[in-house]
Amino acid sequence: MERSLGSLIALTLGCTVAATIFGFGSEIFSFRSVYKGLGREELIQATRLFVYVALGVLLAFRGGWPGVLAAIVMATAATSAEWALYPFAYAWAAVDDPAGYAEKFGSVGRPSYVAWTTFDILGVGISAALAQGLRMMTHVNPGGL
């Protein structure tokens, strides 16, 4: 597999955009789930994290250890953009019934940045590094055959 820095950067940008869009949509559907009392917000947020991890592992498989770094950059950029777009996700979710959302949620502001990004970045970084480490181990011949 030929590895080039340009293709890894392009893939990282594509994964960052995909993760940001998916995360933004997850926030909208989480707000709607809470508003309607469906109880699916944990599943929605877990799916969001699984998508982030899958994109990070894809970058690790494509780029090796630089791909692990790219996965961490992707997770950092995507969660930062998603954090910045948080009030817009609320506004978009509340388009159907702004008064009802305002009554149920009150004033919605951004959560703490550290609390928002820590688990995503750690989850993606650890998963990508583990995937790369396991990939490297498949080429090791402990038996010396």
Side-chain angles (χ1 to χ4, degrees), residues 1-140:
M1 169 171 37
E2 181 182 334
R3 296 182 185 167
S4 71
L5 186 59
S7 66
L8 182 61
I9 290 172
L11 184 61
T12 303
L13 289 174
C15 288
T16 302
V17 169
T20 302
I21 291 170
F22 193 86
F24 181 73
S26 296
E27 292 311 312
I28 292 170
F29 285 108
S30 290
F31 275 120
R32 288 183 178 173
S33 175
V34 170
Y35 180 70
K36 293 178 182 176
L38 300 175
R40 297 180 184 154
E41 48 279 356
E42 292 89 2
L43 177 63
I44 294 168
Q45 292 302 312
T47 304
R48 176 187 153 277
L49 183 59
F50 292 148
V51 167
Y52 275 43
V53 166
L55 292 171
V57 169
L58 172 82
L59 287 167
F61 281 161
R62 172 61 185 98
W65 289 113
V68 173
L69 181 60
I72 294 169
V73 168
M74 179 268 309
T76 304
T79 55
S80 297
E82 189 181 335
W83 177 80
L85 294 171
Y86 188 78
F88 298 111
Y90 169 75
W92 196 325
V95 165
D96 295 342
D97 185 15
Y101 275 80
E103 181 181 319
K104 180 149 181 122
F105 295 112
S107 177
V108 174
R110 286 188 184 101
S112 161
Y113 179 77
V114 173
W116 184 267
T117 61
T118 302
F119 292 111
D120 293 336
I121 295 170
L122 284 176
V124 170
I126 291 169
S127 299
L130 179 65
Q132 175 59 20
L134 291 173
R135 190 173 135 213
M136 286 178 58
M137 285 176 29
T138 60
H139 297 294
V140 174

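The first residue of the sequence shown is numbered 1, and numbering continues consecutively from there.
Using a 4.5 Å heavy-atom threshold, the side chains of L11 and L58 count as touching.
Residues passing the side chain to side chain contact (heavy atoms under 4.5 Å, CB included) test with I9 are L5, L13, sequence neighbours excluded. Applying the ring pair (Phe, Tyr, Trp, His ring centres under 6.0 Å) test to Y113 and every residue at least two apart in sequence or in another chain returns W83. In terms of the side-chain hydrogen bond (donor to acceptor under 3.5 Å, both in side chains) criterion, T20 has no residue partners (sequence neighbours excluded). Under the ring pair (Phe, Tyr, Trp, His ring centres under 6.0 Å) criterion, Y52 pairs with no residue, sequence neighbours left out. Among residues two or more places apart in sequence or in another chain, the side-chain hydrogen bond (donor to acceptor under 3.5 Å, both in side chains) test is passed with R48 by E82, D120.
Atom CE of residue M137 and atom CG of residue L130 lie 9.0 Å apart, to the nearest 0.5 angstrom. In this structure, CG in L55 is found 12.0 Å from OG in S127, a value given to the nearest 0.5 Å.
Pairs of residues two or more places apart, or lying in two chains, never qualify as salt bridge (charged side-chain N to carboxylate O under 4.0 Å, His left out) while including a residue from residues 65-80. Listed by first then second residue, pairs satisfying salt bridge (charged side-chain N to carboxylate O under 4.0 Å, His left out) with a partner in residues 37-46 number zero, not counting sequence neighbours.
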Run the side-chain donor-acceptor check on residues 96-106: report pairs under 3.5 Å with partners two or more places apart or on a different chain.
unit_1, atom_1, unit_2, atom_2, d
D97, OD1, G100, N, 3.2
D97, OD2, Y35, OH, 2.4
Y101, OH, A93, O, 3.3

For a quick test of your reading: what N or O donor-acceptor pairs under 3.5 Å do the side chains of residues 23-30 make, sequence neighbours left out?
unit_1, atom_1, unit_2, atom_2, d
S26, OG, F22, O, 2.9
E27, OE2, Q45, NE2, 3.2
S30, OG, S26, O, 2.8
S30, OG, Q45, NE2, 2.7

Do any side-chain atoms of residues 68-78 form donor-acceptor pairs under 3.5 angstrom with protein atoms, and if so which ones, sequence neighbours left out?
unit_1, atom_1, unit_2, atom_2, d
T76, OG1, I72, O, 2.8

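Side chain of R135 to backbone of F61: a donor-acceptor contact under 3.5 angstrom is found. Judged purely by atom type and a 3.5 angstrom limit, R110 uses its side chain to pair as donor or acceptor with the backbone of A84.
For I44 against S33, the heavy-atom pair with the smallest separation is CD1-CB, 4.2 Å.
Remark: W92 CH2 is loosely packed, at most 12 non-hydrogen atoms of other residues, nucleotides or ligands lying under 6.0 Å away.
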